[in-house]
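Report on one structure; see the data block that follows.
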Amino acid sequence: MKAIIAASVLSACIALQAQVKQHPVPRIVEKDGRYALLVDGAPYLMLGAQSNNSSDWPATLPKVWSAIEYLHANTLETPIYWEQFEPKQGQFDYSAVDTILSQARQHHVHLVLLWFGTWKNGSQHYMPEWMKLDPERYFHVTNKNGEFVDSPSPFAQASLDADVRAFTAFMRHLKEADTERSVLMVQVENESGTWGSQRDYSPAANKIFDGPVPAEVLKAMNKPPGSSAPNWRDAFGDEADVNFHAWAVARYLGKIVAAGKAAYPLPLYVNAALRDPLKPGPPGTYESGGPTDNVLNIWKAEAPAIDILAPDIYLLDTPSYLKVIELYHRPDNPLFIPETAGTPHAARFLFSALGLQAIGYSPFGLDYTRRNRPDPSVNGADQNAFLDPTAQNYKLIEPMMRDIARLNFEGKLEAVSEVEGQPTQTLHFGDWDAIVSYGGGRGGAAKGNAEPVGRALVAQLKENQFLVTGYFCRVDFRPAGTEQQRKSQSIVVGTNQTPSAQIDGKWQHRQFLRVEEGSYDSGVFKPLRILNGDQTDFGLIFSSEPEILRVSLAIY
Ligand code: DGJ
C-alpha cells in the first residue's frame, strides 16, 4: 500500500514538474537593443484589453470574457484589489486570484494582473478598511498648507511594510497556483503618485527635502558631482518638488517590486499617468511622482528591479502620441502600452507601437459592464461600437502574432500609422524601400484619408520577399540600391506608374514576381490565391477587410 502511495505521489510530482517545465516563467529578453517577451520560450505579442476597474468579480467576469472573445484579444489585464485580498490584517484571501486563473485557463487567454495596492490613480482607495481606519499610521501626503490630500505618503513606513507583505504573499501564491503560466506580467500599483500636491510637505519629508540629493539621482539626471552634494532645491530649482516626489515614490515601489520578484520572478512593470511631453505645463499640472517622461531616469536609477516603465496613453493628438511612444522606447526600457483609448482614430497607433517593437498593447475599459458608459441599447446604437476598432486590429494581427513578435525581435519589421498632412511614408529594408500611401484610391495621387485611420505593417521574410498588411492604405516597393550605392550616388526616383529608381545611372523597376493572399492557420501563413491584374497593378491596396499578403519582388 505504502509503495502504491509513494509511486502515485512520485508520478504526480513528475507530472507537475513536466507541466512547469513545459511552461517556463515568462521573461523579457534583450538583443541588439530590441526586446521580446518570451512566453513558452518564444517571442509573444500581448494583444490585450483592460477591464473596467470593478469588473474582476465573479458576478461581472462573464461580461468581461465575452468582450475578450469578441475582440480576439489574447491577454486580459484585470485588477487584484488589496481590499479584497487582505480583508483582515495578515489574512490573505486567494479566492479572487484563483477564480481569475481558472477562468483564464478555461478561456485560453493570458493575463496581466494589476496590483491595486497602495496607489490607484494617485489615491489610496484600494487599501483595506483596517488601513483606511488608521490614517495616523497609514498616513497621507501633506500639502503646502499642512492639510492631508487624497494620496498615500511614500514616507509612511507602515504602509510600505504592509504592501510588501501583501504583494509578496500574492506573488508567492501566483508562483504556486499558476503552473500553466497564464499570468505574463504583473503591474505594481496603478498610476502611483499624487494629484493635488507636488510632494509630501510634512515636517519629516521637508527634512529629507532639505538634505542632500542621493548620488544616484544626481548621476541619473546628469548633474555633475560637486565637492558637496546639493539639496533638492539647489540641484533642481522649480523641478525640485516633482523630482523629489518621483524619487520617494520610486524608492517605495522599488522595495515592493524587489520583494515580489524574490518570491516569483515574473516581469513587473509600473504604469504612468502622463504629462503631454510636447506641452507639459508646469509642475503641479500633471500627476506628480509617477514615471512621467521628465523623471524616467530617476525611476530607472532608484528602482532598477522594475522591468518596464509603461505609459497610459490617453493623449489622442497624433504628435503627442508618437512622442510618448518614442520617449518610452529606450535602450533600457521595452515599449509596452498597458492602457490607451480604443477609439477609431487611436486604434491605428497599435501599428506605430509595433514599429517601435512594442511587446504589448491594451486599450482600457473594453468589457460589457458598461458602468460609466452611456447604455447604447437605450438609443439603439451598436453595442459593440466601442470594441470594433480594437477588434479590427486584433482580428488581423492575432493569428500571426508569434511571427510578428519574432520578426520584430529580429529587427525585420516596420510598421506605421497615418499622420495628418503626411500622405506618404517610406520604410527602409536593405535593397528595397516600402512606400506606404494613404487616400489615393486606384492610381490616384495620395492625399490622405478623410479621417487619419490608415496603418501598415511590412516585414522582410527573405531578401526579396515581404509580409505586408494594413488597413486603409496602399503599399508598394521601390528599388533602393545597396547601402554602398546609396552612399556614393544620388539616387533618382522614378515618377512613372511602376516604382523605379535610377541607380548607378541605370533604371531599376520593381516587378511583382508573385503576390500571394493568404491567412494564418495555427501560426503558419497559408496562401489562398495569387493576386494579379487589377488587384496589384495599382500597388497593394488595403481597405477595411483583414488581408495578409506575401510579396515576392524582382527588378527589370
Ligand atoms: C487610468 C487608470 O489607470 C484606470 O484605472 C482608469 O481609472 C482610467 N484612467 C480612466 O477610466
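Between Tyr94 and Phe85, the distance separating the two ring centers is shorter than 6.0 angstrom.
Residues Glu69 and Trp65 bring no donor and acceptor atom of their side chains to less than 3.5 Å of each other. Of the N and O atoms on the side chains of Asn449 and Tyr471, not one donor lies less than 3.5 Å from an acceptor on the other residue. Side-chain atoms of Tyr438 and Gln425 form a donor-acceptor pair, as typed in the model, at a separation below 3.5 Å. Between the side chains of Tyr269 and Gln187, at least one donor N or O sits under 3.5 Å from an acceptor N or O. Thr292 and Asn294 form a side-chain donor-acceptor contact under 3.5 Å, judged by distance and modelled atom types alone. With no hydrogens or angles considered, a side-chain donor-acceptor pair links Trp115 and Asp163 at under 3.5 Å. Donor-acceptor pairing under 3.5 Å is recorded for the side chains of Ser352 and Ser417. There is a side-chain donor-acceptor pair under 3.5 Å between Asp403 and Tyr520. The closest side-chain donor-acceptor pair between Arg348 and Thr318 falls under 3.5 angstrom. Checking Ser51 against Thr78 by side-chain atom types alone, a donor-acceptor pair falls below 3.5 Å. Remark: the Tyr44 side chain and the His110 side chain contain an N/O donor-acceptor pair separated by less than 3.5 Å. Asp367 and Gln50 form no side-chain donor-acceptor contact under 3.5 Å, judged by distance and modelled atom types alone.
Aromatic ring pairs are classed by plane angle as parallel below 30°, tilted from 30° to 60° and perpendicular above 60°; the pair Tyr321 and Phe349 is parallel. Below 30°, between 30° and 60°, or above 60°: for Tyr81 and Trp57 the angle between ring planes is below 30°, a parallel geometry.
Atom CD of Gln106 sits in a crowded spot, with more than 12 heavy atoms from other residues, nucleotides or ligands closer than 6.0 Å.
Relative to the six-membered ring of Phe512, Arg514 misses at least one condition, a distance below 6.0 Å or an angle of at most 45° to the axis.
Tested against Arg510 for a salt bridge (charged side-chain N to carboxylate O under 4.0 Å, His left out), the candidates Asp476, Asp431, Asp433 yield a single pass: Asp476. Evaluated for a salt bridge (charged side-chain N to carboxylate O under 4.0 Å, His left out) with Asp307, the options Lys300, Lys261, Arg27 yield exactly one hit, Lys261.
Taken from CD in Gln357 to CD1 in Ile325, the straight-line distance is 11.0 Å, to the nearest 0.5 Å.
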